2 protein chains.
Amino acid sequence: MSDHQEKEQPRRRQARGERRIAQLLQAAASVFCTTGYTAASTNAIAREAGVSPGTLYQFFPNKEAIAIELGDRLMHEMRETYGEALATVDPATPLEQAIETAVDRFIEFNCRRPEFFALMHGPDAPGRIAEAHDALHATLVARVETLLTGFLPDTPAPDVHRVAQVCLGIYKAGLELVLAHEGAEREAYVQELKDVLLRYLTPLTHVARTP
Amino acid sequence: MSDHQEKEQPRRRQARGERRIAQLLQAAASVFCTTGYTAASTNAIAREAGVSPGTLYQFFPNKEAIAIELGDRLMHEMRETYGEALATVDPATPLEQAIETAVDRFIEFNCRRPEFFALMHGPDAPGRIAEAHDALHATLVARVETLLTGFLPDTPAPDVHRVAQVCLGIYKAGLELVLAHEGAEREAYVQELKDVLLRYLTPLTHVARTP
DNA sequence: GACAAACGCGAGTGGTCGCTCGCATTCTGA
DNA sequence: TCAGAATGCGAGCGACCACTCGCGTTTGTC
């Protein structure tokens with residue numbers, strides 16, 4: 001039991017290889033973004049990156065691994081950029097400001113990296129990607145739940161869970177509308193999204209506020 | 001210019017043929033529902049229907065035509081069941097009741113025919129299906145807009161348009177949650193959906209209500 | 001400079017899918 | 001009864017896709 005090397009020993013990479021990987025991931029992001037994961041062909045990704053199919057498979061064992069690595073890097077960039085974006089809000093701040101901050105941050109990230117939405121909310125997701133998606137969703141639900149618990153202290157847990165799910169659904173729907181528009185129109189949809197969430201949640205806090 | 005027959009002269013069908021078509025469409029609905037349009041293979045549809053691939057192509061010229069015909073029948077059934085579901089609401093009825101009725105009707109239909117959601121909100125849609133989807137969406141937006149105009153008489157048209165889009169986005173998000181749950185939990189999500197819409201729209205009517 | 005390893009290529013392989021074709025069977029109408 | 005049309009079959013065709021392989025090129029190391 002001493003010699004089982006679980007997975008690939010990571011091949012020694014030259015600087016050129018790392019550059020190629022970044023290039024390929026950028027091409028993959030572009031292709032995934034326009035065609036979705038399933039419809040994207042590895043040949044198309046290689047062509048977009050200006051390399052041959054064989055070169056692509058020098059750095060990724062299969063198509064899924066490309067999406068996995070891209071997803072991992074996006075997730076890492078997200079955490080790096082915002083830290084625990086939602087965790088910094090404490091119940092002392094008004095609900096309106098909490099929504100404002102959270103929505104602005106996530107919208108900004110999704111506008112800057114549209115491939116994140118394409119990968120995560122895309123309909124076609126093979127094994128590991130679907131897992132990653134579910135994991136992220138579960139994390140977000142849990143985070144929103146703890147946040148909501150601060151605002152709705154007397155609401156029973158199952159209800160909080162449901163409200164969190166609804167909030168994320170609303171956010172996703174709003175994000176789609178936001179990404180589909182530009183400039184001033186986009187800003188207007190962002191504001192609508194905030195309004196929807198605020199008006200949905202405000203009455204819940206009032207009900208819970210009992211002396 | 002007298003003899004160009006634009007499209008197919010509809011072949012004379014026997015009763016057996018009509019039965020096969022219904023059988024194939026039901027199989028297609030099942031397969032589309034579980035795998036989505038693109039991932040669904042015509043062979044799988046034929047197998048599900050218990051016939052050979054050749055038989056399938058006796059009745060449909062290609063894979064897209066299957067989805068088109070299925071979509072058409074679903075649309076027809078929807079109109080037949082609910083008539084102009086949203087048109088029957090007049091501004092005299094309270095907003096709450098209007099939302100109640102519209103949401104209940106559409107939710108019921110989508111629960112009874114889940115393939116409708118799979119076809120319409122599925123990510124993969126080739127030419128004509130995407131067109132049908134866009135047409136349906138445009139119709140719904142227009143309908144919701146006229147409804148909203150009754151409740152928000154003083155709101156400018158672009159704002160009404162945006163609000164209608166947001167309402168449909170919320171509905172779609174809610175529908176996904178509803179379809180993902182069963183029984184009492186499902187009912188709870190239906191109620192949340194109604195609450196979201198009502199709370200989102202109510203302040204708009206108050207603002208517009210000027211003496 | 002020499003050797004090995006990493007990089008790069010693109011034709012090729014196996015598999016799947018949409019769809020066809022030749023032929024057999026069943027039904028319709030006279 | 002019988003010709004012709006509709007129905008039914010399933011092996012197979014062409015296209016495409018994920019992925020491989022053999023071989024040539026570049027890079028790091030001594």
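Computed from a predicted structure; not experimentally measured. In what follows, chains are A, B, ... by sequence order, proteins preceding strands, each numbered from 1.
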Exercise for the section: Taking only the side-chain nitrogens and oxygens of A/S52, find out if one of them lies under 4.0 Å from OP1 or OP2 of C/dG8. Expected result: no

Practice task
Please determine if a side-chain N or O atom of A/Y57 lies less than 4.0 Å away from the OP1 or OP2 oxygen of D/dT20.
Solution key: no

Mind calculating the distance between [atom1] ([X]) and [atom2] ([N]) to the nearest angstrom?
X: A/Q58; N: C/dG10; atom1: CD; atom2: C1'; result: 14 Å
X: A/L56; N: C/dG8; atom1: CG; atom2: C1'; result: 12 Å
X: A/F59; N: C/dA5; atom1: CZ; atom2: P; result: 17 Å
X: A/I21; N: C/dG8; atom1: CD1; atom2: C1'; result: 14 Å
X: A/F60; N: D/dA18; atom1: CZ; atom2: C1'; result: 15 Å
X: A/R19; N: D/dT27; atom1: CZ; atom2: C1'; result: 11 Å
X: A/Q14; N: D/dG28; atom1: CD; atom2: P; result: 5 Å
X: B/E18; N: C/dT28; atom1: CD; atom2: P; result: 13 Å

Report the nucleotide, chosen from [options], that has the shortest atom-to-atom distance to any side-chain atom of [X].
X: A/N62; options: C/dT20, C/dC9, D/dC19; value: D/dC19
X: A/R16; options: D/dG28, C/dG8, D/dT7; value: C/dG8
X: B/R20; options: C/dG8, D/dC19, D/dG8; value: D/dG8
X: A/T55; options: C/dC9, C/dC7, C/dC17; value: C/dC9
X: A/R12; options: C/dA6, C/dT28, C/dG10; value: C/dA6

Completion exercise
By nearest-nucleotide position on DNA chain D, the 5'-leaning member of A/G54 and A/A39 is A/A39

Handout entry: B/R162 and its side chain to side chain donor-acceptor pair (under 3.5 Å) partner, picked from A/E192, A/E185, A/Q191, A/H181
Key = A/E185

Assign [X] to base, sugar-phosphate, or nothing according to its heavy-atom contacts below 4.0 angstrom with the strands shown.
X: A/G17; answer: sugar-phosphate
X: B/N43; answer: base
X: A/A40; answer: sugar-phosphate

Problem - B/R128 atom CZ, neighbour heavy-atom count above 12 within 6.0 Å - result: no

Exercise for the section: Mark yes or no for whether B/T35, through its side chain, and B/F32, through its backbone, hold a donor-acceptor pair below 3.5 Å. Expected result: no

Exercise for the section: Using side-chain contact (heavy atoms from CB on, under 4.5 Å) as the criterion, point out the one residue from B/V160, B/L95, B/T155 that pairs with B/L148. Expected result: B/V160

Exercise for the section: Would you kindly compare B/S41 and A/A15 by the position of their nearest DNA chain C nucleotide and give the one closer to the 5′ end? Expected result: A/A15

Handout entry: Residue pair B/D195 / B/Y200, side-chain donor-acceptor N/O under 3.5 Å
Key = no

